[in-house]
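Notes follow the structure.
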Amino acid sequence: MAKDDSDILTRLYEVIDSRKTDDADTSYTAQLFNQGTNRIAQKLGEEALEAVIAVINNDRGSTISESADLIYHWLLLLRLSEVDPQEVFQELIDRKQ
């Protein structure tokens with residue numbers, strides 16, 4: 001990973017935030033926000049299951065792809081809940097100490 005890619009989760013969160021009010025006909029992110037909490041939570045669960053299945057099937061490419069989908073939907077759920085990913089990162093730091 002390149003040094004400038006180290007904050008990709010923060011940047012992705014910012015993109016998600018900027019697209020939440022876009023036209024739902026042209027933005028998947030806006031479409032999911034319009035569908036609400038239950039739909040985003042459902043998508044997160046689906047992506048988690050797909051990632052697990054990819055790992056079980058020893059499918060490296062799908063594991064990477066499904067993991068990216070999982071992280072994207074997780075960040076959507078965080079944004080919908082008004083939780084900044086930095087708060088989650090801080091929790092992980094605090095647990096390590």
Side-chain angles (χ1 to χ4, degrees):
M1 177 168 34
K3 184 176 181 178
D4 61 345
D5 290 339
S6 63
D7 64 344
I8 187 66
L9 294 179
T10 300
R11 292 190 328 218
L12 179 55
Y13 183 85
E14 291 168 354
V15 169
I16 288 168
D17 185 54
S18 73
R19 293 187 182 165
K20 68 182 182 293
T21 57
D22 284 357
D23 182 357
D25 290 334
T26 59
S27 171
Y28 178 68
T29 299
Q31 183 181 62
L32 285 173
F33 274 111
N34 286 346
Q35 293 174 354
T37 305
N38 289 345
R39 179 64 177 143
I40 295 172
Q42 178 186 12
K43 286 297 296 178
L44 181 66
E46 289 171 6
E47 299 303 340
L49 181 58
E50 290 171 1
V52 168
I53 290 169
V55 169
I56 290 170
N57 288 334
N58 222 6
D59 184 339
R60 188 177 195 292
S62 290
T63 297
I64 293 167
S65 176
E66 296 303 339
S67 294
D69 291 345
L70 176 61
I71 291 168
Y72 166 78
H73 289 89
W74 171 70
L75 288 172
L76 274 173
L77 200 62
L78 285 185
R79 178 59 193 95
L80 186 68
S81 302
E82 298 182 7
V83 173
D84 189 302
Q86 296 302 322
E87 295 175 80
V88 178
F89 304 154
Q90 186 61 53
E91 176 69 19
L92 291 170
I93 291 168
D94 292 348
R95 288 181 182 189
K96 184 178 179 187
Q97 295 177 8

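Screening residues 68-78 for side-chain hydrogen bond (donor to acceptor under 3.5 Å, both in side chains), with sequence neighbours left out, gives Tyr28-His73, Thr29-Tyr72. Residues in residues 29-39 take part in these salt bridge (Lys or Arg N to Asp or Glu O under 4.0 Å) pairs, two or more places apart or across chains: Arg39-Glu46. Here salt bridge (Lys or Arg N to Asp or Glu O under 4.0 Å) pairs that include residues 53-68, with residues two or more places apart or in two chains, number zero. For residues 21-30, no pair satisfies salt bridge (Lys or Arg N to Asp or Glu O under 4.0 Å), with sequence neighbours left out.
The line from CG of Leu76 to NZ of Lys20 is 11.5 Å long, rounded to the nearest 0.5 Å. Separation of atoms CD1 (Ile16) and CG (Leu77) is listed at 10.5 Å; rounding is to 0.5 Å. Separating the CG atom in Leu78 from the CD atom in Gln86 is a distance of 11.0 Å, to the nearest 0.5 Å. For the atom pair OG1 of Thr37 and CG of Leu44, the computed distance is 12.0 Å after rounding to the nearest 0.5 Å.
By the side-chain hydrogen bond (donor to acceptor under 3.5 Å, both in side chains) test, Arg79 is found to be paired with Asp17, residues two or more places apart in sequence or in another chain being considered. Scored by the side-chain hydrogen bond (donor to acceptor under 3.5 Å, both in side chains) test, Ser65 finds no partners at all (sequence neighbours excluded). Under the rule for a salt bridge (Lys or Arg N to Asp or Glu O under 4.0 Å), the partners of Glu47 that lie at least two apart in sequence or sit in another chain are Lys43. Scored by the side chain to side chain contact (heavy atoms under 4.5 Å, CB included) test, Ile93 finds Gln90, Gln97 as partners (sequence neighbours excluded). Looking at residues two or more places apart in sequence or on another chain, you find a side chain to side chain contact (heavy atoms under 4.5 Å, CB included) between Ile53 and Leu49, Asn57. With sequence neighbours left out, Glu87 forms a side chain to side chain contact (heavy atoms under 4.5 Å, CB included) with Val83, Asp84. For Asn34, the side chain to side chain contact (heavy atoms under 4.5 Å, CB included) test picks out Ala24, with sequence neighbours left out.
At least one side-chain heavy atom of Leu75 sits less than 4.5 Å from a side-chain heavy atom of Ile71.
The hydrophobic cluster around Ile56 extends to Val52, counting ILVMFWY residues whose side-chain heavy atoms fall within less than 4.5 Å of a member.
With hydrophobic clusters built from ILVMFWY side chains whose heavy atoms lie under 4.5 angstrom apart, Val88 shares a cluster with Leu70.
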